[in-house]
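Note that this is a predicted model, so its numbers are computed, not measured. Heavy atoms only: backbone and side chains are in, while hydrogens, waters and symmetry mates are out. Start at 1 with the first residue, then count along the sequence.
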Amino acid sequence: MIAKTAVINPKAKVSNDCTIGEYCVVEDGVVLEEGVVLGHHVVIHSGTVIGAGTVIGDGSVLGRSPLPAATSTVKAQQELSPLVIGKNCIIGTGVVVYRGTRLDDSCFLGDNSSVRENCKLGKAVLVGQRVVVENGVEIGDYTKIQTGAYITAATKIEERVFVAPMVTTTNDNYMGRTEKRFASRRGPILKKGCRVGGGVTLLPGITIGEEAFIAAGSIVTKDAPPYQLLMGAPARVKRSVPDDELLFHEKKKDDNSTVPSFDLKRQNEALKTELSAVLGKVVASGQFILGENVKALENEIAQVCGVQYGVGVASGSDALYLALLACGIEPGDEVITTPFTFFATAGSIVRAGAVPVFVDIDPKTYNMDPDLIEEKITPRTKALLPVHLFGQAADMGRIMEIAYKHGLKVIEDVAQALGCEYQGRPGGGIGDAGCLSFFPTKNLGCFGDGGMVVTNNQKIAERVRMLRVHGAKKKYYHELLGVNSRLDELQAAVLRIKLPHFKGWLKKREEHAELYNDLFKASGLTVSGYVKTPYHLPGCRHTYNQYTIAVRKRDELRDYLKERGIGTTVYYPLPLHLQPVFKELGYKKGDFPHAEQAAGSVLSLPMFPELTEEEIRCVVKTITDFYGDEAQ
C-alpha cells in the first residue's frame with residue numbers, strides 16, 4: 001500500500017507488496033524489495049537499495065550525501081556508492097544513514113541514531129538509540145552498541161563485541177578540520193568478544209584485546225591485553241576474565257597452546273628451496289673446506305661489522321680463543337671480563353693460558369660495568385673482553401677509553417649480537433677484534449657450529465688465518481702452535497642464503513620486543529615492579545637475540561609457563577665466578593652482587609623472527625595470569 005501523499009520517482013523500483021507511508025520521498029534508482037515498510041515522512045535518496053522485509057520508522061533519511069563543513073580545509077570526497085541495507089532490518093524513527101554505507105541482514109538501528117558514509121555493519125548488528133557512528137567504521141556480526149555511544153571515524157569493531165551506553169571513542173590528537181588531522185587519525189580497534197562498560201572513553205589508536213572487559217567509567221589510554229579485566233582512569237589490568245565468562249572457549253584453549261622459545265623449523269621451511277639447492281651445489285662441487293662460499297662470506301660479514309677482514313672458524317668459542325692468541329695473550333696474562341655470560345667467554349681465556357678477572361655488571365644492561373674496570377687493572381692485565389649480552393652492545397665508548405689509556409687490547413664477544421650498534425658503530429668493529437658465533441639459535445645461524453673473527457688489523461687477521469690451520473701459512477710448514485678450526489663450506493653456503501634476510505629478521509626482533517614492552521606496560525606488571533623489561537641503551541641498536549626480563553618468583557613462573565606449553569630459558573643460572581671449575585680463582589658468593597641477582601631473576605621469553613603477534617600476546621597474558629591480583 002502506498003499513501004497518496006508519497007512522492008515516488010518513476011525510475012525507482014518498488015515491489016508491489018511494499019508499504020509506503022504519508023509524505024515519503026523515494027528518489028530515482030531506489031530499489032525497495034519485497035515487504036519493505038516505510039513509515040511517514042521517510043526520505044530515500046537516489047540509488048539506495050533496501051532488502052526484503054526491512055522496516056523503516058517515521059522521519060528517517062536514508063542514502064543522504066555528506067556535505068563538508070563550512071570551516072573544513074579537507075578536499076571534497078569522490079562520488080560515493082549508493083547505500084545498501086540488507087534483508088529484515090529494523091530502522092527506527094529519525095534515523096539518518098549516509099551513502100557509501102552497507103548494512104548486512106537483520107541489523108537494528110535505534111531511534112535518532114546516525115550512521116555516516118563508508119561504514120560496514122555486519123549481520124544482526126544492534127545500534128541503540130541516539131548512537132552516532134562516524135564515517136569509515138567497520139562493525140562485525142552480532143555486535144551491540146547501546147544508547148548514546150559515540151563511535152568515531154575509522155574505528156574497527158569485530159564480531160560479538162558489546163559496547164555499553166555512553167561510550168566515547170576518539171581518533172585524533174589535533175583540533176580543527178585540517179588535512180593534518182584527517183591524515184593522522186587512528187580509531188580504536190575492538191577485538192572480537194570484548195566488552196566495554198558504560199561511560200568508558202577510548203583514546204586514539206588503542207586496541208581492546210579479544211574478550212577483554214573494560215569496567216564502566218574507565219579511560220583507556222593504552223592497548224588492553226586480551227582476556228583481562230581493566231579498570232580505572234587510566235585503565236589498568238585487575239585480573240583475568242574467568243573462563244566461564246568467555247564467549248569463544250576454543251580461542252581460550254588455543255591461547256594456551258605451545259609457544260616455543262625458539263623455532264628454527266619455520267625459518268628453514270621458508271628457505272627450503274634455496275637451502276636445498278645450495279647444499280646440493282656444494283656437494284656436487286666436492287669442495288668442503290675453505291671454499292668459495294667461505295671466502296665470500298668472510299667479506300660479506302666483514303662489511304656487516306664495518307671492518308676489513310673476516311676469518312671463518314669452527315665455532316664462536318674458537319673465535320674467542322684464537323682472537324685472544326692473535327692479540328698476543330700469553331700464559332699468566334690477565335683478561336678482564338664479565339661473570340654474567342656464557343661459559344665460553346672465560347673458558348677461552350683459560351684455554352689461552354691466561355687468567356679471567358671478573359668485574360660486576362651494570363644491572364640495567366647486564367653488560368660489564370666500565371666504571372669497575374680500572375680498579376681491577378694490574379701490570380699483568382693485557383686485554384678487556386666485553387660481551388654484548390642478549391643482543392645489546394656493552395658501553396664501548398668507556399671501555400675503549402680505558403683500554404687506550406692503559407694500552408690494553410679489546411676483544412668483543414659478539415656471539416649474541418651480530419647487527420648491534422654502539423653510537424652508530426657496528427658491534428665487533430670497535431675493538432681490536434670481534435668474535436662471532438653462527439650457532440643455529442643466533443641472529444644469523446647455520447646448520448651446526450660456526451664462527452668468525454672480524455678485525456681491522458691485518459696482522460691479527462693473518463695470525464687467526466694461520467692459527468685455524470695448525471699455525472701454518474704454507475701447507476705443512478708450521479710457524480705457530482695452532483688448532484684445526486675452520487668454517488666449512490656447507491655452513492658458509494647456508495649462511496650466505498640467510499644473509500640477505502638478516503636485516504629483515506633483525507627488524508622483526510625489534511618489533512617483537514616493542515610489542516612485548518607495550519603489552520607488559522598495559523598489563524601493569526612493569527609499573528608494579530613484577531617484571532622488568534630489557535633496558536635499551538640510548539643511541540644504540542639492540543638486536544634482541546634474547547628478550548630477557550627480570551621477574552619475581554622466576555623459577556615458579558618458569559614452571560608455570562612450561563606447564564602451559566610456553567618455552568623459556570634462563571641465561572644464566574650460575575655466574576661464572578661461582579662455577580666449580582673456576583674455584584681456584586678464589587671468588588666467593590657476594591663478590592659480584594649484580595651478576596648474582598641477575599642469575600636469580602632473569603628469564604628469556606620466546607624470541608625469533610617468525611614469532612607471531614598472537615604467540616607474544618599469549619606469553620604476556622599467561623605471565624599476567626601467574627601474578628594475578630598480587631601484582632595489581
Side-chain angles (χ1 to χ4, degrees), residues 24-27 30 36-51 54-72 74 76-77 80-86 89-104 106-140 143-157 161-172 177 182 185 187-188 190 196 198-202:
C24 289
V25 177
V26 180
E27 294 183 351
V30 169
V36 169
V37 176
L38 305 185
H40 305 304
H41 300 276
V42 174
V43 177
I44 312 294
H45 286 284
S46 61
T48 298
V49 177
I50 300 179
T54 290
V55 177
I56 314 295
D58 296 347
S60 291
V61 179
L62 305 180
R64 173 184 286 179
S65 294
L67 295 175
T71 57
S72 177
V74 181
Q77 295 184 358
L80 297 170
S81 60
L83 168 65
V84 176
I85 297 177
C89 294
I90 298 176
I91 310 297
T93 61
V95 173
V96 180
V97 185
Y98 286 74
R99 291 178 68 87
T101 286
R102 185 179 188 93
L103 279 65
D104 209 336
S106 303
C107 286
F108 176 93
L109 302 186
D111 296 346
N112 301 307
S113 61
S114 66
V115 180
R116 294 286 302 197
E117 65 274 15
N118 292 326
C119 293
K120 296 180 181 178
L121 279 63
K123 185 176 182 180
V125 169
L126 182 149
V127 175
Q129 296 180 9
R130 300 186 302 283
V131 169
V132 176
V133 179
E134 294 284 11
N135 54 297
V137 170
E138 297 180 13
I139 304 176
T143 284
K144 296 181 180 181
I145 302 174
Q146 294 199 323
T147 303
Y150 176 79
I151 309 302
T152 191
T155 297
K156 297 185 185 301
I157 304 176
V161 170
F162 177 82
V163 178
M166 308 307 295
V167 167
T168 300
T169 62
T170 59
N171 67 4
D172 70 82
R177 297 177 177 275
F182 281 85
R185 65 184 182 178
L190 283 67
V196 181
V200 166
T201 300
L202 306 180

(message) Between Glu138 and Lys156, does any side-chain N to carboxylate O distance fall below 4.0 Å?
(response) yes

(request) Test side-chain contact (heavy atoms from CB on, under 4.5 Å) on Gln146 and Val167 and set out the steps. (result) CA-CA 9 Å; Gln146 294 199 323; Val167 167; over 6 Å; no

Is a side-chain donor or acceptor of [X] paired with a backbone partner of [Y] at a separation under 3.5 angstrom?
{"X": "Ser106", "Y": "Ala124", "answer": "no"}
{"X": "Arg99", "Y": "Ser46", "answer": "yes"}
{"X": "Thr169", "Y": "Thr152", "answer": "yes"}
{"X": "Ser113", "Y": "Val131", "answer": "no"}
{"X": "Ser60", "Y": "Gly92", "answer": "yes"}
{"X": "Thr147", "Y": "Arg130", "answer": "no"}
{"X": "Asn118", "Y": "Asn135", "answer": "no"}

Check: [Y] and [X] side chains under 4.5 Å, non-hydrogen atoms:
{"X": "Leu103", "Y": "Ile91", "value": "yes"}
{"X": "His45", "Y": "Val61", "value": "yes"}
{"X": "Asp58", "Y": "His41", "value": "no"}

Could you state the interatomic distance from [atom1] ([X]) to [atom2] ([Y]), rounded to the nearest 0.5 Å?
{"X": "Leu62", "Y": "Ile50", "atom1": "CG", "atom2": "CD1", "result": "5.0 Å"}
{"X": "Asn171", "Y": "Ile151", "atom1": "CG", "atom2": "CD1", "result": "11.5 Å"}
{"X": "Thr93", "Y": "Asp111", "atom1": "OG1", "atom2": "CG", "result": "3.5 Å"}
{"X": "Leu202", "Y": "Thr168", "atom1": "CG", "atom2": "OG1", "result": "8.5 Å"}
{"X": "Cys89", "Y": "Phe108", "atom1": "SG", "atom2": "CZ", "result": "11.0 Å"}
{"X": "Ser114", "Y": "Leu109", "atom1": "OG", "atom2": "CG", "result": "9.5 Å"}

I need the minimum non-hydrogen distance between [X] and [Y], along with the two atoms involved.
{"X": "Ala153", "Y": "Val137", "result": "CA-CG2, 4.2 Å"}
{"X": "Cys119", "Y": "Glu134", "result": "SG-O, 3.0 Å"}
{"X": "Leu83", "Y": "Thr101", "result": "CD1-O, 3.3 Å"}
{"X": "Ala164", "Y": "Gly198", "result": "CB-N, 3.2 Å"}
{"X": "Val96", "Y": "Arg64", "result": "CG1-NH1, 4.2 Å"}
{"X": "Gly47", "Y": "Pro82", "result": "O-CB, 3.0 Å"}

(request) Apply side-chain contact (heavy atoms from CB on, under 4.5 Å) to Thr143 and Leu190, showing your working. (result) CA-CA 11 Å; Thr143 284; Leu190 283 67; over 6 Å; no

(message) Go through it in stages, so that I can follow the logic: the residues are Val127 and Leu121, the test is side-chain contact (heavy atoms from CB on, under 4.5 Å), and I'd like the CA-CA distance, side-chain angles, deciding distance and then a yes or no.
(response) CA-CA 10 Å; Val127 175; Leu121 279 63; 4.0 Å; yes

